[in-house]
Structure formats: C-alpha cells, structure tokens
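Both ligands and their constituent atoms are indexed starting at 1 by order of listing.
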Amino acid sequence: MIAPILRTLAGLRDQTAIWRQAGETIGVVPTMGALHQGHLSLARAARAQCDRVIITIFVNPMQFNDPDDLKNYPRTEQEDARKLESIGVDLIYVPDPDQIYPEGFATTVSVSGLTDMLCGESRPGHFDGVATVVPKLFLQTSADYAFFGEKDYQQLQIVRRMAADLDIPIEVIGCPTIREEDGLAMSSRNLLLSDRSRVYAPVLAEVMDTLRNQLRAGAAMPDVLPEAQARIMAAGFNKIDYLELRAGDDLRLLDRAQPDARLFAAAWLAGVRLIDNIAV
Ligand code: PAF
C-alpha cells in the first residue's frame, strides 16, 4: 500500500500524537526526494528499528547556494511514494513550503567549525540551510531516531553536533553508503549525469580506492595526491573542489592514515557536482 502523504504540520502532529500515546517509537528519514537505493536502505534501517517510520521529502531552498541547482534538482514525488511501498513506511511528509518557512521566519542554526571545510568551503551557506531545516524536521516529527547516509558524512557529523548542542532528544544513526555495481556512490544528482558522463563518473571512487590502498601502505597524502588528481581530471572531470584525508570525528586535516581517517572528495563532471567519502 502507498503510504499516506501529509503536507501540513497540523496533520502530521495529529498522527504522531496517536503513535506517541500508544507508546510507539518513531523513526524519521529526512530526504529531498528523488529516492534511490541509498534512501531505501535508510528507510529499511528505520523500519527494522522503529514502530513507526516517517519519510520526509522537502527540497530545502535554504541549503541551495545556486538558484539553477535548486531549479534543476530532480522532483519525483509519485515515483518516490511507489518506491517506498514495499518497505511499508507509515507516512510520507511532504510539507508545503510555508509549513517549514512560515511568513516572517527569521531563525538560522549555524554549526561552527565542522562547517568551515570541505563542502562548507565550496558551498557557502549550504550547511546553515541543513542545520536549520533538520532540527525543524526532528521537532515536527517528534522522532526518537533519525537515519542519515554516510555518503554525506560531513552533513552527518554536523547533524549529530547540532542535535547534541540543542538537546534534541533524538538518536542520529549513520548508515553505510550504497553504491552502483561500478562503485559510483548513489546520489539523486546521478540522475543529472548524461550517458557519457555516467561512464566516467565511477573514476572518482576508483581513484579514492587506489589512494586508500596507498595510504594504508604508509604513503603520505602530499606524495600520492598529484597523481590521483591527474587521474580524475584525465577522466573528463572539470574541477576538483577537494580531495582530502581527514579525521572522521572532528574532520581535521591529516597527512597520513590513522584509525578513523577518511578520504573526502568533491568534483565536477559536466556541470554535475559529485561527492564521495570512504574510510581509510
Ligand atoms: O541529505 C539531504 O537530502 C538533505 O540535506 C536533508 C538532510 C534532507 C536536509 O534537507
């Protein structure tokens, strides 16, 4: 059965009040739609852990720093609802924009430190948009558990920090990145790749895999980075925003592998920005 779609906060609260009264736990999977297997794996994790599962779909204008990116972001609500059918989620919350940003809305949540680097540097304002909408979705759904993909690892760490700092009583759970057979990390943005670009897109993950092996064997990042960058550019990528080794907890820059080190990359392929990260 296709789960009911609710578009108002009042409707959502009527439903969650009933679940809460019955002592049921609620899991939320916040998304911007264009659902792929990565999102579905989050929905399954929520289904396995919680009595009730809410998927939110909201293309959050506040986290787009480029108006064209917002305009072109894929919107596939009916398809999304069908994809969720077999998982048996309880409710799909697709808030009308004024349910998130009512007239006069004037509050921004900003997490310092973790947002200064990586995507924070190349997408100014992006993480303020995320850190503002996510607590709203947490509070609106009154969820006990929230599920996020490690694909957006920096986002996951920022959301954890924000929820802890604001004392929101929710457990944030990170789930592994789901990949296509050729290694490309699943992303809603992959839908924007041309057939030709799609062929070269997995090179980013391939290069990161090679880098990981070199780092594990004791190489220092500055020694192996130029060749990795050259391979990415040779595959037709136009620009590398970053390719860096960082600590998994506070994301500080590293030169060499250590327990908890991760590789992070963002690069542009024919107008589409792809990101990925892997544990080293
Ligand atoms: O990862 C996303 O899709 C978005 O950043 C999120 C967490 C739904 C907030 O808009």
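Using a 4.0 Å cut-off to heavy atoms of Val133, the atoms of ligand 1 that qualify are 9 (C), 10 (O). Heavy-atom proximity to Thr31, at under 4.0 Å, picks out these atoms of ligand 1: 8 (C). Within ligand 1, the atoms closer than 4.0 Å to a non-hydrogen atom of Phe148 are 7 (C), numbered from 1 in the order shown.
When only non-hydrogen protein atoms are considered, atom 5 (O) of ligand 1 lies nearest to Gln155 OE1, 2.6 Å. Nearest protein heavy-atom neighbour of atom 9 (C) of ligand 1: Gln63 OE1, 3.3 Å.
One hydrophobic cluster holds both Met162 and Val130 under the rule that ILVMFWY side chains link at heavy-atom gaps under 4.5 Å. By the criterion of side-chain heavy atoms lying less than 4.5 angstrom apart, applied directly or through intervening Ile, Leu, Val, Met, Phe, Trp or Tyr residues, Leu263 is not grouped with Tyr242; the two fall into different hydrophobic clusters.
A donor-acceptor contact closer than 3.5 angstrom is absent between the side chains of Gln99 and Tyr93. Asn60 and Tyr101 share a side-chain donor-acceptor pair at under 3.5 Å.
Looking at Arg231, Arg212, Gln229 one by one, the single match for side-chain contact (heavy atoms from CB on, under 4.5 Å) with Val207 turns out to be Arg231.
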